[in-house]
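As the structure lists them, so they are numbered: ligands from 1, and atoms in each ligand from 1. Model, not experiment: these values are computed from the prediction.
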Amino acid sequence: MSSESVQCRLLRSLCIFFLLLIGATDAAITVYQANNQAAFTTAPGAKYTGVAAYNPTSLSPPPVPSPTMLTTIPITLQNSGTPNLSIKQKGSFIGFSIEMSVTNQVLGKNSTLIQVPFLNLMANIQQRAGSVMIRVGGNTQESAKLVDDGVIPDGRVLTKNLTGVTGTTQTPPLEFSRDLLYMMRNISSFVNVHWFLGIPWFVTQPFDTKIITASQEILGDYLLGLQAGNEPDMYHIHGHRNDSYSPFDYGGEFSDLLTQVAANGADPSGKAMSILVGPNIADFSWTPEQVWDSGFVDKFGPNLAYLAVEKYPRDNCAAMFGGPNAVVTDPQTVLPLYLTHDAHTGLLAPYLNSTMYAQTVNKPFLMFETNTASCGGFLGISDSFVAALWGLDYALQMAHSNFSGAMFHLGGQNVFYNPFTSPPTNQSTFHQWTVGGLYYSALVMAEAIGPSNQTQVLNIGVPGLTSYTPIYGIYENGTPVRVAVFNYVDDPSGANDVHAVISISGATTPSSVKVKYLAATTVVQKGGYTWAGQTFGKNFESDGRPMGDEDIKTVNCDTTAQTCTVDVPAPGFALVFLTDDAFTENKGAPTMTFPTTAHTKTHNTATVDPSVLSTSNGFRMSGNELAGTSKPPSAAPRSAQASLIAVGVVIGAVVAMLGRVL
Ligand SMILES: *[C@@H]1O[C@H](CO)[C@@H](O)[C@H](O)[C@H]1NC(C)=O
Ligand SMILES: *[C@@H]1O[C@H](CO)[C@@H](O)[C@H](O)[C@H]1NC(C)=O
Ligand SMILES: *[C@@H]1O[C@H](CO)[C@@H](O)[C@H](O)[C@H]1NC(C)=O
Ligand SMILES: *[C@@H]1O[C@H](CO)[C@@H](O)[C@H](O)[C@H]1NC(C)=O
Ligand SMILES: *[C@@H]1O[C@H](CO)[C@@H](O)[C@H](O)[C@H]1NC(C)=O
Ligand SMILES: *[C@@H]1O[C@H](CO)[C@@H](O)[C@H](O)[C@H]1NC(C)=O
Ligand SMILES: *[C@@H]1O[C@H](CO)[C@@H](O)[C@H](O)[C@H]1NC(C)=O
């Protein structure tokens with residue numbers, strides 16, 4: 001009996017489903033769903049007609065730098081007294097911003113059907129950082145309406161009202177139920193996720209304050225903050241305010257909110273009105289200074305828990321949404337702009353005055369929403385290894401620049417830039433999740449900073465250093481503990497590999513250091529990147545747990561020269577652990593337990609054993625794997641998993657078989 005027919009016997013109904021699909025499609029190229037959306041391509045080079053999130057098209061790597069760059073880089077650290085270190089940072093520095101309208105794809109269907117791959121992805125970060133920040137919002141928060149229980153049918157938590165679609169991003173008005181908030185609260189009892197939400201701000205007379213009351217009541221201490229308006233400096237572009245709308249007017253609305261909430265009792269404990277987040281400007285038509293100078297923080301200091309901005313380096317709106325004068329940006333042309341450290345220093349320079357100001361008023365300053373490009377990102381950039389390197393350098397540069405955190409935005413199936421993407425609902429029984437480069441950035445950042453809350457970051461200048469090889473020192477209590485070294489260049493010849501020659505004045509040179517690499521063969525690679533040898537695979541291959549054996553390199557130091565030389569391939573990134581403590585520091589972190597069961601599929605509802613959720617600590621020397629329950633890559637059997645995962649793997653095999661047949 002062939003293995004195909006064994007699988008078909010195991011999953012008879014699924015095979016029938018597949019045969020129907022094949023019958024109904026242009027079998028040579030793409031498998032289509034009933035809704036006529038391409039699910040995945042099967043023939044290399046075939047024209048892709050499916051959704052953006054799985055588009056396999058890649059770009060060409062940019063040429064190597066000419067003239068040559070500095071490749072042997074002396075990195076001289078001081079054991080104490082290093083000036084200009086950043087403020088103290090948290091391991092949860094990078095969080096995620098989930099467009100409200102896709103929470104039902106990403107978080108779960110409702111409070112009783114939570115996506116286990118999502119929990120695993122968050123657990124990986126929690127193990128390194130202690131907690132995870134997630135903002136639920138975006139353009140869709142502005143017209144979101146909390147409706148009574150039972151209004152939305154079929155146990156769903158949200159629905160889109162397609163009769164009122166407006167704006168550049170064509171975001172439909174949303175209706176959501178309290179169960180969305182219960183789902184978020186239930187997630188926080190599995191993994192230590194803390195949340196941001198937003199108050200709808202398009203209509204201020206009166207404000208719809210329902211979310212204020214409900215989010216406080218349901219999320220309690222898991223509610224970090226409530227956004228007061230999303231990109232108010234862009235409201236006039238889409239006709240939500242007139243052209244004269246100014247920071248002063250925004251402040252007036254903020255004041256109206258406080259008055260209305262006091263009058264209608266929407267914040268009985270008074271806490272919600274002390275955790276507001278503003279001004280959340282896109283730096284489009286107002287500068288942050290214009291907002292500070294309008295007296296915003298002076299007036300509303302007690303109400304503000306965070307100051308925040310939102311910024312994308314550029315946009316891909318013309319390609320995504322067209323328009324009469326739309327000039328579409330060619331991704332190949334802008335690719336080199338994502339492979340240089342200057343991109344980040346340029347983007348962040350306008351905020352340095354504000355992060356200093358934020359320190360004087362004692363408020364953390366967040367990059368509330370960001371990604372490679374607004375309106376979905378760029379094909380070949382946002383969904384390749386480019387994004388992983390870009391996102392990690394960006395994260396470290398923001399930490400260096402005294403931001404206190406940043407959230408990478410994710411949308412639905414129709415964008416390129418998702419840190420992670422759930423399969424289309426129709427395919428969730430036979431496809432797993434797709435993990436993008438920015439998730440790796442977040443994971444590595446969590447590990448680079450760690451859980452101590454004492455970590456400081458410094459972008460290190462070296463004479464002659466080019467913008468292709470940024471270097472960061474990472475300090476605990478003023479002492480260097482880790483070093484981050486990037487190589488943005490794509491050169492398989494080895495001629496542009498970096499040799500980072502690290503020395504620490506005022507300390508004994510260790511006999512060896514440990515190194516973890518973030519790696520891919522080329523910057524334009526799509527999926528299958530590795531962090532210390534482990535991967536989340538390619539499209540549709542991840543259940544949220546890292547696959548493969550962890551591979552940590554030991555580099556011997558030259559105790560005579562008092563240097564440790566770490567090589568970083570072109571392209572690549574290395575995190576160098578200078579001491580064993582830097583490697584094991586979160587050993588004391590409590591082991592996570594998941595006291596109850598979670599379900600994810602709408603079809604084939606399966607009970608998931610809590611042990612499916614990984615339970616080890618990322619830094620640990622003992623049990624070196626990233627995740628204790630991590631299993632070999634999909635080539636090896638992963639049979640003894642919870643039923644849900646087992647179903648996914650067997651079904652994956654059926655898909656692979658069909659791929660060969662087609
Ligand atoms: C960050 O803040 C620290 C402490 O105020 C300061 O010394 C440092 O220069 C700041 N860094 C930047 C890039 O502004
Ligand atoms: C969640 O959805 C499932 C499946 O549709 C349904 O059985 C369940 O009652 C829903 N849960 C809630 C809290 O609505
Ligand atoms: C959908 O939106 C339209 C326009 O805003 C509104 O008139 C209608 O009542 C909404 N429908 C529902 C079911 O809420
Ligand atoms: C999730 O939320 C529901 C409310 O719909 C609650 O009844 C249930 O106990 C929660 N489950 C967990 C695991 O917390
Ligand atoms: C920095 O910000 C403060 C507060 O808004 C402002 O008064 C000052 O002019 C700004 N400095 C620069 C150089 O922009
Ligand atoms: C796929 O989704 C579409 C639209 O969401 C739905 O109409 C269709 O019935 C689904 N097909 C399957 C096989 O579930
Ligand atoms: C770090 O800060 C968080 C709160 O922001 C706290 O829960 C955690 O216990 C702190 N960790 C350490 C090691 O102090």
Side-chain angles (χ1 to χ4, degrees), residues 81-93 95 104 107-115 126 128-133 147-159 176-186 188 192-194 218 221-222 224-225 275 305-306 341 344-366 396-405 425 428 446 449-461 472-473 475-478 585-590 598-606 617 619:
T82 309
N84 293 320
L85 299 183
S86 75
I87 56 173
K88 291 181 176 175
Q89 301 291 6
K90 295 196 161 97
S92 57
F93 189 93
N104 59 342
L107 305 181
K109 183 187 178 190
N110 61 36
S111 65
T112 51
L113 287 171
I114 294 169
Q115 291 272 17
Q126 177 184 342
R128 290 162 178 77
S131 65
V132 188
M133 289 192 295
V147 296
D148 291 339
D149 293 350
V151 168
I152 304 172
D154 304 326
R156 286 180 289 132
V157 294
L158 56 82
T159 185
F176 69 100
S177 69
R178 287 167 65 88
D179 201 44
L180 171 62
L181 303 171
Y182 281 115
M183 175 163 68
M184 292 161 64
R185 177 61 185 82
N186 280 359
S188 296
N192 195 21
V193 174
H194 293 248
I218 296 170
D221 287 344
Y222 290 105
L224 285 173
I275 55 169
Y306 300 86
H341 180 64
H344 302 303
T345 46
L347 187 85
L348 297 174
Y351 299 112
L352 294 179
N353 187 33
S354 293
T355 58
M356 291 308 287
Y357 169 73
Q359 291 178 55
T360 67
V361 294
N362 210 14
K363 303 285 179 200
F365 192 88
L366 300 178
L396 285 163
Q397 187 65 25
M398 280 189 278
H400 161 90
S401 304
N402 297 317
F403 281 73
S404 289
T425 321
S428 62
I449 304 296
S452 75
N453 297 340
Q454 299 299 320
T455 313
Q456 292 167 283
V457 176
L458 182 68
N459 178 230
I460 294 181
Y472 295 87
Y475 300 76
E476 302 275 4
N477 301 308
E585 67 173 16
N586 77 346
K587 215 169 198 163
H599 307 272
T600 177
K601 302 300 183 193
T602 50
H603 322 283
N604 291 357
T605 299
N617 289 312
F619 275 116

**Prompt:** Taking side chain as C-beta onward, heavy atoms only, is Ser404 less than 4.5 Å from Leu366?
**Reply:** yes

**Message:** Please report whether atom 2 (O) of ligand 7 has a protein non-hydrogen atom at a separation of less than 4.0 Å.
**Reply:** yes

**Prompt:** At a non-hydrogen distance cut-off of under 4.0 Å, which region of Lys109 contacts ligand 2 (side chain, backbone, both, or neither)?
**Reply:** side chain

**Message:** Does any part of the side chain of Arg156, heavy atoms only, come nearer than 4.5 Å to the side chain of Asn110, both counted from C-beta?
**Reply:** no

**Request:** Decide whether the shortest distance between a heavy atom of Gln454 and an atom of ligand 7 is less than 4.0 Å.
**Result:** no

**Request:** Pull out every atom of ligand 2 sitting under 4.0 Å from any heavy atom of Asn110, numbered as shown with elements.
**Result:** 1 (C), 2 (O), 3 (C), 8 (C), 10 (C), 11 (N), 12 (C), 14 (O)

**Message:** Which of the numbered atoms in ligand 7 are under 4.0 angstrom from any heavy atom belonging to Pro451?
**Reply:** 11 (N), 13 (C)

**Request:** Among all protein heavy atoms, pick the one closest to atom 5 (O) of ligand 7 and tell me residue, atom and distance.
**Result:** Lys90 CE, 2.9 Å

**Message:** Could you walk me through whether Gln454 and Tyr475 satisfy the side chain to side chain donor-acceptor pair (under 3.5 Å) test, starting with their C-alpha distance in whole Å, then the side-chain angles of each, then the deciding distance to 0.1 Å, before giving a yes or no?
**Reply:** CA-CA 8 Å; Gln454 299 299 320; Tyr475 300 76; over 6 Å; no

**Asked** What are the atoms of ligand 2, with element, lying closer than 4.0 Å to any heavy atom of Ser111?
**Response** 13 (C)

**Prompt:** atom 11 (N) of ligand 7: protein heavy atom closer than 4.0 Å?
**Reply:** yes

**Message:** So, 4.0 Å and heavy atoms of Leu85: is ligand 1 close enough to count as a contact?
**Reply:** yes

**Message:** I need the single residue from Ile218, Val157, Asn104 that forms a side-chain contact (heavy atoms from CB on, under 4.5 Å) with Leu180. Which is it?
**Reply:** Val157

**Fill in**
closest protein heavy atom to atom 9 (O) of ligand 1 is Asn84 OD1, 3.5 Å

**Prompt:** So which bit of Gln359 gets within less than 4.0 Å of ligand 1, heavy atoms only: side chain, backbone, both or neither?
**Reply:** side chain

**Message:** Check the orientation of His194 and Tyr222. Use parallel for under 30°, tilted for 30 to 60°, and perpendicular for over 60°.
**Reply:** tilted

**Prompt:** What is the closest protein heavy atom to atom 8 (C) of ligand 7, and at what distance does it sit?
**Reply:** Asn453 ND2, 3.7 Å

**Message:** Less than 3.5 Å apart, any donor N or O on the side chain of His341 or Asn459 sitting next to an acceptor on the other?
**Reply:** yes

**Asked** Do any N/O atoms on Ser452 end up under 3.5 angstrom from N/O atoms on ligand 7?
**Response** no

**Request:** Using the six-membered ring wherever Trp is involved, compare the ring planes of Phe403 and Tyr351 and label them parallel, tilted or perpendicular (cut-offs 30° and 60°).
**Result:** perpendicular

**Message:** If the contact criterion is a heavy-atom separation under 4.0 Å, does Gly130 count as touching ligand 7?
**Reply:** no

**Item:** Thr455 side chain to Ile449 backbone, donor-acceptor under 3.5 Å
**Value:** yes

**Prompt:** Which residue owns the protein heavy atom closest to atom 14 (O) of ligand 1, what's the atom, and how far is it?
**Reply:** Asn402 ND2, 3.6 Å

**Asked** Judged by atom type as modelled, is there a donor-acceptor pair below 3.5 Å linking the side chain of Asp179 to the main-chain atoms of Tyr182?
**Response** no

**Message:** Counting only nitrogen or oxygen atoms and a 3.5 angstrom limit, does Thr355 reach ligand 1?
**Reply:** no

**Asked** Tell me, do Ile114 and Asn186 make a side-chain contact under 4.5 Å, heavy atoms counted?
**Response** yes

